[in-house]
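Only this structure's heavy atoms are used, side chains among them; waters, hydrogens and symmetry mates stay out. Counting begins at 1 with the first residue of the sequence.
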Amino acid sequence: MRTARFVATRFAGMLLVLLVVAFVTFVVFYVLPADPARMACGRPCSPESLTMAREFMGYNSPWYQQFVDFLGGIFGGRTFGTGVSAIHCTAPCFGYDFQNNVDVLSEIGSRIGVSFSVALGAAVIWIVLGVGLGVLSALRRGSAVDRITMAAAMAGVSMPAYLAGMIGITIFAFALDVVPKNGYVPLTEDPAQWAWHLVLPWLVLAFLHAAIYARLTRGQMLETLGEDYIRTARAKGLTERKVVGRHALRNVLLPVVTVFGVDLGSLLAGTVITERIFGMAGVGRLLVDAISSLNLPVLLGVTLFSALLVTFLNFLVDLCYGALDPRARLV
């Protein structure tokens, strides 16, 4: 009963956050000077044509009515215009790209595989390396391993993503010519080439994020190893592996899981710089293209879709918290 209440509370909180994010995002995009109807109307565009375009796209209504229509489209679909020229956007409808004549969710769906491939592969590498090196560094505090690990972590934390990407391409793609320079091959087309084209983006992102996780894990592990219950476990004669693995690591993982949920959600929503550097057409690239063309429906749809991913990942993090620490279910 307590677990069900915990899940229901966190789920309700997630829905509330999404509603607030949707409202704020919609208002921000509404007050921008760019006019989606004028962009879709093209040049030249007479005042009569502009009025017809706004009416067709639904921009002639008050902003609050537009927001209600937008939410209604997510849950029940939406129809733009009337008669034979009407365009129906099936639920969940995150808007319609009138510049390219396609619904926004279809555009996201055609590119989400790229962003997911980059983010998930890198996440597996960085969580294993970051946590593993952080624990090793804490257990060998002051040793050469600790100093080298923390020096590498400091370099990773300090280095911008674009610089790490350019260094990786220069060394491994141009100088050594051991990995592809850019491009993306779908997993269903050729699994081996899919992985081969993603090796360098994975390693670049993993290096940047593993540095953060190594520092975080090391600090948490050092603090945990000084707790009374750890000394008690050692006094009972437990092996160091059991002390670290069964008692210390479980508490260390709590803050790591929190950061991991936020990072993974952000990357799943599109690795803008990485996709740009390595020539991949993911959600991040879609967002950049929408900004350059002032395509507000796409901007709004991608922003809300990204918020949905991040919020859902945080919801899963809360569930993991409850599994790792039952005391979290009482909050």
Side-chain angles (χ1 to χ4, degrees), residues 25 94-95 97 99-100 102-127 129 156-157 159-174 178-212 260-313:
T25 304
F94 279 78
D97 181 1
Q99 293 185 23
N100 298 305
V102 63
D103 65 279
V104 174
L105 192 59
S106 295
E107 286 190 289
I108 295 174
S110 65
R111 298 169 179 251
I112 197 66
V114 178
S115 298
F116 272 39
S117 297
V118 174
L120 293 177
V124 172
I125 299 174
W126 90 55
I127 195 69
L129 283 180
V157 171
M159 187 176 297
Y162 72 87
L163 179 58
M166 294 306 298
I167 292 175
I169 290 178
T170 302
I171 295 177
F172 297 103
F174 287 100
V178 294
V179 293
K181 300 175 179 63
N182 53 35
Y184 174 80
V185 177
L187 175 63
T188 54
E189 206 173 281
D190 190 334
Q193 286 299 315
W194 168 80
W196 190 234
H197 279 76
L198 288 169
V199 166
L200 191 53
W202 282 345
L203 293 178
V204 169
L205 285 174
F207 170 68
L208 298 175
H209 286 79
I212 299 173
F260 181 72
V262 175
D263 287 343
L264 182 59
S266 300
L267 288 182
L268 288 177
T271 52
V272 176
I273 297 177
T274 304
E275 291 175 13
R276 195 75 175 179
I277 291 175
F278 293 99
M280 297 181 176
V283 178
R285 182 71 173 271
L286 176 63
L287 183 62
V288 172
D289 293 341
I291 294 173
S292 62
S293 61
L294 293 178
N295 197 334
L296 293 189
V298 176
L299 278 173
L300 178 61
V302 172
T303 301
L304 292 180
F305 183 80
S306 303
L308 175 63
L309 284 177
V310 174
T311 308
F312 181 71
L313 262 296

Could you tell me whether the side chains of Thr274 and Tyr162 share a donor-acceptor contact shorter than 3.5 Å? no
Compute whether any side-chain donor of one residue and acceptor of the other, for Ser292 and Asp289, lie under 3.5 angstrom apart. no
Answer yes or no: is there a side-chain heavy-atom contact under 4.5 Å between [X] and [Y]?
{"X": "Asp263", "Y": "Trp126", "value": "yes"}
{"X": "Tyr184", "Y": "Leu198", "value": "yes"}
{"X": "Leu120", "Y": "Leu264", "value": "yes"}

Side chain to side chain contact (heavy atoms under 4.5 Å, CB included) between Ile112 and Phe305, worked out: CA-CA 11 Å; Ile112 197 66; Phe305 183 80; 3.7 Å; yes
Expected output: side-chain Glu275 to main-chain Gly282 donor-acceptor under 3.5 Å: yes
Checking the side chain of Ser106 only, and the main-chain atoms of Val102 only, is there a donor and an acceptor separated by less than 3.5 Å? no
Over all atoms of both residues, closest heavy-atom pair of [X] and [Y]:
{"X": "Thr25", "Y": "Leu300", "value": "CG2-CD1, 3.6 Å"}
{"X": "Gly301", "Y": "Ile108", "value": "O-CD1, 4.1 Å"}
{"X": "Ala122", "Y": "Leu205", "value": "CB-CB, 3.7 Å"}
{"X": "Thr311", "Y": "Ala307", "value": "OG1-O, 2.6 Å"}
{"X": "Gly156", "Y": "Leu208", "value": "O-CD2, 3.6 Å"}
{"X": "Ala173", "Y": "Pro180", "value": "CB-O, 4.2 Å"}

Check the pair Met159, Ile167 against side chain to side chain contact (heavy atoms under 4.5 Å, CB included), reporting the backbone distance first and the verdict last. CA-CA 11 Å; Met159 187 176 297; Ile167 292 175; 4.3 Å; yes
Using 0.5 Å steps for rounding, measure from the CZ atom of Phe94 to the CG atom of Asp103. 11.0 Å
What is the distance from atom NE2 of His197 to atom CZ of Phe278, rounded to the nearest 0.5 Å? 12.0 Å
May I have the step-by-step check of ring pair (Phe, Tyr, Trp, His ring centres under 6.0 Å) for Trp202 and Trp196, ending in yes or no? CA-CA 10 Å; Trp202 282 345; Trp196 190 234; over 10 Å; no
Report the residues that fulfil side chain to side chain donor-acceptor pair (under 3.5 Å) with Asn100, sequence neighbours left out, ordered by chain and then residue number. Asp97
Those residues that, when tested against Ser110, pass side chain to side chain donor-acceptor pair (under 3.5 Å) (two or more places apart): none
Which residue in the set Val178, Asn182, Ile169 passes side-chain contact (heavy atoms from CB on, under 4.5 Å) when paired with Leu200? Ile169
Met280 vs Arg285, side chain to side chain contact (heavy atoms under 4.5 Å, CB included): CA-CA, chis, key distance, verdict: CA-CA 7 Å; Met280 297 181 176; Arg285 182 71 173 271; over 6 Å; no
